[in-house]
There are 2 protein chains.
Amino acid sequence: MSDTVHPLQPLLHDEIPLTRALGLEVVSYQAGTLTLKAPLAPNANHKGTAFGGSLYCMALVAGWGWLHLALREAGIDDGQVVIHEAQVKYQAPVEGELVAVCAPPPVEAWERFVAMYQRRGRARISLDARVLGEGGDALRFSGQFVLQR
Amino acid sequence: MSDTVHPLQPLLHDEIPLTRALGLEVVSYQAGTLTLKAPLAPNANHKGTAFGGSLYCMALVAGWGWLHLALREAGIDDGQVVIHEAQVKYQAPVEGELVAVCAPPPVEAWERFVAMYQRRGRARISLDARVLGEGGDALRFSGQFVLQR
């Protein structure tokens, strides 16, 4: 971690105002893995744990943000990313800070996605993200994202 | 619609503060169907349409709120409702107000759920919710909720 704010953070805060309400911060983007965090208070529910909708938003933004950064690294900046479908499993409550992580998909899936986009101007990729809990994942998120010109 | 605020609205705002950030309001609970709404501005994304995380939150809260109200009507007030799994499909962008609806599940599924809870103190039910779009559903949400003592 460093004292400088990753440029993805103001981008998210400007373009998706709900990320400010979540208190979302970019922790790091290292070795291809994006890590986000948010405090519990604005995201709490009636049981004093994290609201399931906040967990989903953190995972969704981790996936969207990962794709945004990876595409720029690949020299692709003419596309729009939208979420198409998602499946989530809530496995444990989150009783403190919300930490969401998105790691790269398999290399072959990524290469197929980039090649398809370059050929057709539209491609789809499945990304897994998760929100960490005590001793395991609190939320497992699988999202199918579409990139289109 | 009436000028009085449905009591579910302050309950949601107090117990899940993110619902205030969403600008969520309870429109009506009529004929067993719960309708919620929220303005676009706090829920917008970089394309000026609704953020996918906000659509999910509206549908999740519609499902949770519907279950809360239906359980009280059934005389059950000793359980905690948690979301276990969810599957969502984004079908169209939302370009104005977000309107989320949760209608009752099939009667047999509801009766089985209530009977199971009364016998075992734990039961699971699948609820469908949706966020309306122009000419069809913008988001289809299917959530598996667990009620436990």
Side-chain angles (χ1 to χ4, degrees), chain A residues 11-24 38-65 68 80-93 98 100 129 138-146 148, chain B residues 11-24 38-65 68 80-93 98 100 129 138-146 148:
Chain A
L11 178 81
L12 291 170
H13 287 191
D14 286 351
E15 300 207 327
I16 307 175
L18 197 75
T19 60
R20 267 178 278 161
L22 295 167
L24 184 151
L40 179 60
N43 298 301
N45 66 15
H46 52 295
K47 299 189 295 294
T49 59
F51 167 48
S54 292
L55 297 185
Y56 179 94
C57 287
M58 292 296 289
L60 172 62
V61 175
W64 188 90
H68 175 89
Q80 292 266 15
V81 172
V82 295
I83 177 75
H84 200 66
E85 297 183 16
Q87 303 81 39
V88 290
K89 290 191 183 188
Y90 293 88
Q91 306 194 135
L98 288 69
L139 180 77
R140 290 205 178 163
F141 168 101
S142 178
Q144 291 76 54
F145 292 86
V146 172
Q148 52 199 6
Chain B
L11 179 82
L12 290 170
H13 287 192
D14 285 353
E15 300 207 327
I16 307 175
L18 197 74
T19 60
R20 268 178 278 158
L22 295 167
L24 184 150
L40 179 61
N43 299 301
N45 66 15
H46 53 295
K47 298 189 296 294
T49 59
F51 167 49
S54 292
L55 296 185
Y56 179 93
C57 287
M58 292 296 290
L60 172 61
V61 174
W64 188 90
H68 176 89
Q80 292 267 16
V81 171
V82 295
I83 178 75
H84 200 65
E85 297 184 15
Q87 303 81 39
V88 289
K89 290 191 183 187
Y90 293 87
Q91 306 194 136
L98 288 69
L139 179 77
R140 290 205 177 164
F141 168 100
S142 179
Q144 291 76 54
F145 292 86
V146 172
Q148 51 198 8

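Chain letters run A, B, ... following the sequence lines, proteins first, then strands; residues in each count from 1. Predicted model only: the values in this text are computed from it and were never measured.
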Of all of A/P17, A/A86, A/S142, A/P93, which one pairs up most often with chain B through heavy atoms under 4.5 Å apart?
A/A86

In terms of heavy-atom pairs under 4.5 Å, which option from A/A21, A/G52, A/A44 contacts chain B the most?
A/A44

Nearest non-hydrogen partners of B/V81 and A/K47, listed with the distance:
O-NZ, 4.0 Å

What part of B/A41 lies closer than 4.5 angstrom to a heavy atom of chain A: side chain, backbone, both or neither?
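Interface part for B/A41: backbone (N, CA, C, O).
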
So for B/Q80, is it side chain, backbone, both, or neither that comes closer than 4.5 Å to the heavy atoms of chain A?
side chain

Nearest-0.5 Å distance that lies between atom [atom1] in [X] and atom [atom2] in [Y]:
| X | Y | atom1 | atom2 | answer |
| --- | --- | --- | --- | --- |
| A/Y56 | B/I83 | OH | CD1 | 11.5 Å |
| B/F51 | A/L18 | CZ | CG | 6.0 Å |
| A/E85 | B/R140 | CD | CZ | 12.0 Å |

Side chain, backbone, both or neither: which part of [X] has an atom under 4.5 Å from a heavy atom of chain B?
| X | value |
| --- | --- |
| A/L60 | side chain |
| A/V146 | neither |
| A/P42 | backbone |

